[in-house]
There are 2 protein chains.
Amino acid sequence: MHDIKERESSKMRSLERALHVLAVLEESAAAIGVTDLGRASKLSKATVLRIVSVLEKYGYAEKIQGRYRLGAAVLPLAHAYVLGNELTRVALPVLQELAQTTEETASLFVRLGFKRVLVERIEGLRPLRFVLPIGERLPLHVGAGKVLAAAMPEAELHRMLDELGEMHLVSGEPLARQALLSELERVRRQGYAVSPGERMMGIVAVAAPVTDADGATVAAVSLAGAKDRMTPEKIEWVSIAVRDAARMISERYGGARGG
Amino acid sequence: MHDIKERESSKMRSLERALHVLAVLEESAAAIGVTDLGRASKLSKATVLRIVSVLEKYGYAEKIQGRYRLGAAVLPLAHAYVLGNELTRVALPVLQELAQTTEETASLFVRLGFKRVLVERIEGLRPLRFVLPIGERLPLHVGAGKVLAAAMPEAELHRMLDELGEMHLVSGEPLARQALLSELERVRRQGYAVSPGERMMGIVAVAAPVTDADGATVAAVSLAGAKDRMTPEKIEWVSIAVRDAARMISERYGGARGG
DNA sequence: AAACAAAATTCCACACAATGAACCTTCAGG
DNA sequence: CCTGAAGGTTCATTGTGTGGAATTTTGTTT
């Protein structure tokens, strides 16, 4: 995500390098050796080894037969994040209500760099997937991501689009930059986004922004269900329910400042 | 968890300090200012500020009105851990099977220092709790923890008991060190642990160890249910089912070395 | 609204922690 | 038994992390 541009004067070089190694471990599906870690993070073997040794000591990395992978200590961090976070706390009952009345799956996303992260999900009648996808990094230019992209500063948005290059929907259909920009404009105007099968085939999602006291977008509420259940009429009233839910979270979040 | 003993020659002091700050953020329920962070981690304000600035840049910390809390970037780490980990992958279908046949909640724990961490859970008929507790840090001297404690090296176990001091069950009943040691010995002999309401009132848990190819305990499978459903007869056959599940995970885990 | 208090943030010269090239060890394959 | 590849170790050098003090910001009291 963050390239380590050694030129730039970065305070705490060693820490940034360590976090970079952690990011490589996150991306790497399988366990990875120090030589490969060094290659991937552009650091010397010795440096990488020192970093993973410390990470291992604290449980953030695990050594298995000379190879390294993420360690179990990352789980308590995520647990503490979800429990301690004001946003997830106030959103939980609202998402429950939303999932129950619509009988579909309700989710909460926050933006992280040029991606969004699923921070909370309540399944409706039939789960979308079995394994829990909380923490998954998803793109901003499709689905509920559009709500978050619509709130990005113009310049940052264009930097992201430059990085992304050619965009496609899951159907394979290309997504022109101009088409996305107009769509984002429409999302801003109408206050919600509808995404028919943009990221997952056969899944229709409706999403609306959660804002803080200053009106800045801090998260997106999304409701997703199978295409055949999401008729135009249902999408109509669901879009209202989603906006209501997002507004309710916004109010309670803004109201309890300093919690 | 890890005291920062500055005396000891620790390579990568700055990284260890940063991880220590991260641990403080994890423990702190509410957002916390740099002064308090400095107090809690015994570091100067300036140092703490530099550390949290970098953590914030990478999304591991969030600044909200001058106070800091964990950031959303910890969630993708946990997600990657669960997806990429061989153990959770092979355990998933076994836990599903176990939860289905027993109609109770099946869990998988790994040891992390002197605690255990819940890494996977499949709910039975009635969930034990609503909010997902994956990543929770729990003690080793009660419940499924006994299976992990039973596998600790003698010296390490005693160091832990020294740190713990007086132990109590959730009922308030004190737990003598000698009583725990004999119980651990029994767990080793019979290959599983039964914990009637040790950690949570009204919940009975049965647990068995998962071992790697060398026979070392790497995790614990646990099955927990309400006391009134867990009759002695059910505990009897459930303890067999749990051991079978643990053995199956052990075999598949050992079998796929290097995955 | 002014004055104060407390906390966040910036600055800087020094000390020593982090660095990486070179070296050692282990192990798999031929 | 040799060879190559990868994990791990060592140590002199240097530039990075450090913390006290100065400065700005925030928020609380009068």
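Small disclaimer: the values here were computed from a predicted structure and weren't measured. Order of the sequence lines fixes the chain letters, A, B, ..., with proteins taken first and strands second; residue numbering starts at 1 for each chain.
- Here A/Glu136 does not pair with A/Arg121 in a salt bridge; the nearest charged N to carboxylate O distance is not below 4.0 Å.
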Dump the pairs, protein N or O against N or O of nucleotides 19-21 of chain C, anything under 3.5 Å, distances to one decimal.
| residue | atom | partner | partner atom | Å |
| --- | --- | --- | --- | --- |
| C/dT19 | OP1 | A/Arg17 | NH1 | 3.1 |
| C/dT19 | OP2 | A/Arg50 | NH1 | 3.1 |
| C/dG20 | OP2 | A/Thr47 | OG1 | 2.8 |
| C/dG20 | N7 | A/Arg50 | NH2 | 3.3 |

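- Atom NZ in B/Lys42 sits roughly 14 Å away from atom P in D/dG19 (whole-Å rounding).
- Within the 4.5 Å cutoff, the side chain of A/Tyr68 has no heavy atoms near those of the A/Asp36 side chain.
- Ion pairing of A/Arg188 with A/Glu185 is present here, as a side-chain N (NZ or NE/NH1/NH2) and a carboxylate O approach within less than 4.0 Å.
- At least one side-chain heavy atom of B/Val94 sits under 4.5 Å from a side-chain heavy atom of B/Arg252.
- By the 4.0 Å N-to-carboxylate-O rule, A/Glu86 lies close enough to A/Arg89 to be salt-bridged with it.
- Applying the side-chain contact (heavy atoms from CB on, under 4.5 Å) rule to B/Ala151 yields the partners B/Thr217; only residues at least two apart in sequence or on another chain are considered.
- Two residues are said to be in side-chain contact when any heavy atoms from C-beta on lie closer than 4.5 Å; A/Glu166 and A/His168 meet this criterion.
- Note that the two end axes of the helix from C/dA1-D/dT30 to C/dG30-D/dC1 enclose an angle of 50°, each drawn from 5 base pairs, rounded to 10 degrees.
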Taking N or O atoms only and anything under 3.5 Å, show me the protein contacts with nucleotides 25-28 of chain D, one pair per line.
none

Extract from the structure each pairing of a protein N or O with an N or O of nucleotides 6-8 of chain C at less than 3.5 Å, listing the distance.
| residue | atom | partner | partner atom | Å |
| --- | --- | --- | --- | --- |
| C/dA8 | OP1 | B/Val34 | N | 3.0 |
| C/dA8 | OP2 | B/Thr35 | N | 2.8 |
| C/dA8 | OP2 | B/Thr35 | OG1 | 2.2 |
| C/dA8 | N7 | B/Lys45 | NZ | 3.0 |

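- Taking the side chain as every heavy atom from C-beta outward, B/Leu181 and B/His158 approach each other to under 4.5 Å.
- Contact of the B/Leu161 side chain with the B/Leu180 side chain is registered, since non-hydrogen atoms from C-beta on lie closer than 4.5 Å.
- Scored by the salt bridge (Lys or Arg N to Asp or Glu O under 4.0 Å) test, A/Arg159 finds no partners at all (sequence neighbours excluded).
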